[in-house]
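Report on one structure; see the data block that follows.
Chain naming here is simple, since letters A, B, ... match the order of the sequence lines and numbering starts at 1 in each. Quick note: numbers below take in every heavy atom, side chains included, and nothing from hydrogens, waters or symmetry partners. Since this is a predicted model, take the numbers as computed values, not measurements.
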Number of protein chains: 2
Amino acid sequence: MIEVFKTYLKGKGNYTEEELEKVASVAVIKKVRKRQYLTQEGDVAKNHAFVTKGCLRTYTVDEKGIEHILNFAIENWWIGDRESIQTGHPSIYNIDAIEDSEVALISKEKFDRLCIEVPAFNDMINNILQKSFLVAQNRIHTFISLTAEEKYLSFLEKFSHLNMRVPQSMIASYLGITAETLSRVRKQIVKR
Amino acid sequence: MIEVFKTYLKGKGNYTEEELEKVASVAVIKKVRKRQYLTQEGDVAKNHAFVTKGCLRTYTVDEKGIEHILNFAIENWWIGDRESIQTGHPSIYNIDAIEDSEVALISKEKFDRLCIEVPAFNDMINNILQKSFLVAQNRIHTFISLTAEEKYLSFLEKFSHLNMRVPQSMIASYLGITAETLSRVRKQIVKR
DNA sequence: GATAACACTTGATGTAAATCAATTGCTATT
DNA sequence: AATAGCAATTGATTTACATCAAGTGTTATC
């Protein structure tokens with residue numbers, strides 16, 4: 001499935017054939033079965049991960065045992081706790097697969113070296129970062145200004161593909177509402 | 001006040017004296033009086049802004065006339081709608097000063113050129129972006145997992161300096177709660 | 001020094017969403 | 001085919017927070 005990664009790279013930056021090989025060659029493919037962890041709370045994250053197949057999520061579990069989902073990642077998305085990778089501090093997040101999945105792992109060291117040695121890679125990563133930031137800003141805005149129903153509608157607009165793949169209870173968690181509330185909200189929407 | 005900007009640059013990157021001048025020379029100092037807009041909803045944002053003095057905020061106003069504050073920026077922070085600047089689309093945000101302030105403006109064109117011509121600048125900006133992203137992630141996490149009181153305590157931990165400068169009603173808005181709720185939450189906290 | 005203009009507090013009431021609990025479907029496994 | 005194990009729905013109840021409405025205190029403004 002390294003081909004998925006290469007295709008992605010081609011679409012995202014101006015790589016020479018040589019650079020492309022260089023980037024792809026440091027990636028290590030790993031299968032992650034449904035419910036299997038990629039990283040657990042307390043671990044120091046060592047790898048950036050690119051999803052070639054399946055779907056994963058980043059989340060925490062609070063004292064009451066409730067899961068709070070921070071992010072999903074499907075094919076052609078990156079996932080990983082940048083904070084932990086960069087600082088070397090233990091991660092506060094869990095990452096696991098919610099479908100049988102496959103990721104391309106790149107170790108921090110190799111990733112950092114790529115950023116230096118392959119300008120196209122560096123630019124690509126910074127572009128992604130920029131985009132991720134804007135998405136995050138936007139999501140913050142939904143939290144401070146929208147009702148449960150509006151949050152869900154906004155989610156549908158932006159991530160309808162996720163809506164079809166991810167259990168409702170997880171979408172609720174991602175939106176910061178309960179599964180019951182989401183169920184009722186959906187009923188309301190359909191009714192109109 | 002361009003000195004504030006130069007001092008900041010020195011602390012944030014490995015600039016040669018020449019590069020430092022180059023960066024500083026493209027910045028245009030602008031005074032922004034309290035309540036004066038830097039950008040308004042509907043405008044296409046043209047400049048990145050670095051705050052050399054004072055305090056500004058990014059916010060929206062909903063149909064009911066309620067303000068939702070997305071960000072504050074004080075001395076040594078950047079502010080501006082990256083999305084609008086990059087895409088050329090009208091901004092959905094208002095930015096105004098909540099104290100008499102002063103900013104260093106850098107136009108999109110000059111900013112982009114600096115990113116290309118001054119590697120230290122590019123690296124610095126990407127570092128800031130990375131940090132901004134992590135802060136945003138963190139804030140999202142507070143929204144999906146904390147109560148009003150916990151959100152405020154978390155805010156205090158991270159931004160106590162802002163707490164002293166910004167009206168409570170605006171902090172409430174930033175936290176996605178009402179001013180009344182914040183007032184009661186504070187009373188609770190003091191009581192213990 | 002009176003008056004306005006905010007910023008914050010406090011109380012009464014309303015409501016969206018959470019919680020608790022039971023039921024109905026699925027699909028997965030034996 | 002029976003059983004277990006989730007995922008979603010639905011109803012009853014509670015609660016955290018919002019809303020509405022007066023108040024008080026503090027700082028500007030004429």
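Checked by atom type, the side-chain pair A/Y93/A/N71 shows no donor-acceptor distance below 3.5 Å. With 3.5 Å as the limit, one finds no donor-acceptor pair spanning the side chains of B/E180 and B/S183. Side chain to side chain, A/Y8 and A/W77 fail the donor-acceptor criterion of an N or O pair below 3.5 Å.
The distance between atom CD1 of B/I98 and atom P of C/dC6, rounded to the nearest whole Å, is 16 Å. Straight-line distance from the CD1 atom of B/I144 to the C1' atom of C/dA18: 16 Å, rounded to whole Å. Per the geometry, CD1 belonging to B/I189 stands 15 Å off P belonging to C/dC8, to the nearest Å.
Contacts classified as ring-ring contact (aromatic ring centres under 6.0 Å, His included) and involving residues 162-192 of chain B (residues at least two apart or in different chains) are given here: B/F72-B/Y174, B/F155-B/Y174. Applying the salt bridge (Lys or Arg N to Asp or Glu O under 4.0 Å) test to every pair with at least one member in residues 58-79 of chain A, sequence neighbours left out, gives these pairs: A/R57-A/E67, A/E75-A/R165.
Listed by residue number, the members of residues 146-158 of chain A with any heavy atom below 4.0 angstrom from DNA chain C are A/T147, A/A148. The stretch residues 171-183 of chain A touches DNA chain D through A/E180, A/S183, each having a heavy atom within less than 4.0 Å of the strand. Contacts between residues 160-169 of chain B and DNA chain C, defined by a heavy-atom separation under 4.0 Å, are made by B/P167, B/Q168, B/S169.
The one candidate from A/R186, A/Q168, A/E157 that meets the side-chain hydrogen bond (donor to acceptor under 3.5 Å, both in side chains) condition with A/Y152 is A/R186. Test B/D43, B/D81, B/T60 against B/S91 for side-chain hydrogen bond (donor to acceptor under 3.5 Å, both in side chains) and you get one pass: B/D81.
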Close N/O contacts between protein and nucleotides 26-29 of chain C (under 3.5 Å):
none

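Within the model, atoms CG of A/D123 and OH of A/Y15 stand 8.5 Å from one another, a figure rounded to the nearest 0.5 Å.
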Decide yes or no on side-chain hydrogen bond (donor to acceptor under 3.5 Å, both in side chains) for B/N138 and B/K158, but give the supporting numbers first.
CA-CA 11 Å; B/N138 208 287; B/K158 283 170 218 146; 3.0 Å; yes
Run B/F133 and A/F133 through ring-ring contact (aromatic ring centres under 6.0 Å, His included) and show every step you take.
CA-CA 5 Å; B/F133 173 69; A/F133 174 70; 7.6 Å; no
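Under 4.0 Å is where a charged nitrogen must lie from a carboxylate oxygen, and between B/K22 and B/E117 at least one such pair does. One finds no salt bridge joining B/E99 and B/K53 here, because no Lys/Arg side-chain nitrogen approaches an Asp/Glu carboxylate oxygen to under 4.0 Å.
Take B/K34 and apply the salt bridge (charged side-chain N to carboxylate O under 4.0 Å, His left out) test, not counting sequence neighbours, and it matches no residue. Under the salt bridge (charged side-chain N to carboxylate O under 4.0 Å, His left out) criterion, B/E102 pairs with B/K31, sequence neighbours left out. B/E41 pairs by the salt bridge (charged side-chain N to carboxylate O under 4.0 Å, His left out) definition with nothing, not counting sequence neighbours. With sequence neighbours left out, B/K108 forms a salt bridge (charged side-chain N to carboxylate O under 4.0 Å, His left out) with B/D112.
Of the two residues near DNA chain C, B/R184 and B/K34, the one whose nearest nucleotide lies more 5' is B/K34.
Of the possible polar contacts, none joining the A/T52 side chain to the A/F5 backbone as a donor-acceptor pair under 3.5 Å is found.
An OP1 or OP2 oxygen of C/dT9 is reached within less than 4.0 angstrom by no side-chain nitrogen or oxygen of B/K187.
On the nucleic acid side, DNA chain D has its first and last nucleotide under 4.0 Å of a heavy atom of chain A at D/dA8 to D/dA12, going 5' to 3'.
Residues A/F121 and A/F111 bring their aromatic ring centres within 6.0 Å.
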Return one dot-bracket line describing DNA chain D 5' to 3' (Watson-Crick or G-U wobble pairs, both distances under 3.5 Å; ( ) same strand, [ ] crossing, | another strand, . none).
||||||||||||||||||||||||||||||
